[in-house]
Peer 1: 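Sharing a structure with you now.
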Amino acid sequence: MSLNHSPETQTKLIARVPSITGRDLPEWFEAIDNGPSFLRCDERANWLADEHGLSHGYAAAIVLEHERRRRF
């Protein structure tokens, strides 16, 4: 699984997260923060997908957005 979406794809995925998953981004970010302490983004995305039944595309988009927002 690749965690490298184009910027356009990333934006579209993130915009659809609440309607597809039923949860807003802050809720997903909290789940990541309270979940296992994985070092790699792909491990976090796999856990998020497996634990919460997300597609890997949405899980990866959420993890990437979480990383981007943590940096600022």
Side-chain angles (χ1 to χ4, degrees):
M1 173 188 66
S2 172
L3 292 182
N4 297 317
H5 298 123
S6 71
E8 181 181 332
T9 299
Q10 177 71 11
T11 299
K12 288 179 181 180
L13 287 170
I14 290 301
R16 289 190 299 242
V17 163
S19 63
I20 296 294
T21 68
R23 295 170 79 177
D24 291 325
L25 285 175
E27 293 176 76
W28 287 116
F29 297 162
E30 185 177 340
I32 292 169
D33 290 339
N34 293 330
S37 298
F38 295 116
L39 295 177
R40 295 175 27 178
C41 287
D42 62 333
E43 292 173 323
R44 276 184 249 136
N46 286 333
W47 170 80
L48 202 60
D50 294 342
E51 185 72 20
H52 296 280
L54 298 174
S55 73
H56 284 280
Y58 281 103
I62 292 167
V63 168
L64 286 175
E65 193 66 21
H66 181 257
E67 286 297 307
R68 285 184 182 139
R69 292 187 186 193
R70 279 184 13 173
R71 291 183 193 143
F72 296 106

Peer 1: Should the pair W28 and H52 be assigned to parallel (<30°), tilted (30 to 60°) or perpendicular (>60°) ring geometry?
Peer 2: perpendicular
Peer 1: Let me confirm one number: the CG-CG distance from L64 to D42, rounded to the nearest 0.5 Å.
Peer 2: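 Rounded to the nearest 0.5 Å, the CG-CG separation comes to 10.5 Å.
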Peer 1: Where is the tightest heavy-atom contact between G57 and H5, given as atom of each residue plus distance?
Peer 2: O-CE1, 3.5 Å
Peer 1: Quick one: CG on D24 to CD on E30, what's the gap to the nearest 0.5 Å?
Peer 2: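 It is 12.0 Å, given to the nearest 0.5 Å.
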Peer 1: Look up atom CG in L48 and atom OG in S55, then write down how far apart they are to the nearest 0.5 Å.
Peer 2: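 Here the interatomic distance stands at 10.0 Å.
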Peer 1: Please step through side chain to side chain contact (heavy atoms under 4.5 Å, CB included) for the pair T11 and E65, ending with a clear verdict.
Peer 2: CA-CA 9 Å; T11 299; E65 193 66 21; over 6 Å; no
Peer 1: Indicate the atoms forming the closest heavy-atom contact of A59 with A45, along with that distance.
Peer 2: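 Distance-wise, the nearest heavy atoms are CB-O, 3.4 Å.
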Peer 1: Rounded to the nearest 0.5 Å, what separates atom CD1 in I20 from atom CG in L13?
Peer 2: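 The distance works out to 9.5 Å.
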Peer 1: Mark yes or no for whether R44, through its side chain, and L39, through its backbone, hold a donor-acceptor pair below 3.5 Å.
Peer 2: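 Judged by distance alone, yes, a pair lies under 3.5 Å.
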Peer 1: Is there side-chain contact between D33 and H66, with heavy atoms separated by less than 4.5 Å?
Peer 2: yes
Peer 1: Between R16 and Y58, does the side chain to side chain contact (heavy atoms under 4.5 Å, CB included) criterion hold? Intermediate values first, please.
Peer 2: CA-CA 9 Å; R16 289 190 299 242; Y58 281 103; 3.1 Å; yes
Peer 1: Measure the spacing between CD of E27 and CD1 of I32 and express it to the nearest 0.5 Å.
Peer 2: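 Answer for the CD-CD1 pair, E27 versus I32, is 12.5 Å.
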Peer 1: Where is the tightest heavy-atom contact between G35 and W47, given as atom of each residue plus distance?
Peer 2: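 Answer, listing the atom of G35 first, then W47: CA-CH2, 3.8 Å.
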Peer 1: If you take all heavy atoms of I14 and L25, which pair is closest and at what distance?
Peer 2: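 Between these two residues, the closest heavy atoms are CG2-CD1, 3.5 Å.
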Peer 1: Shortest non-hydrogen contact from Q10 to A61?
Peer 2: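 That closest heavy-atom pairing would be NE2-O, 2.9 Å.
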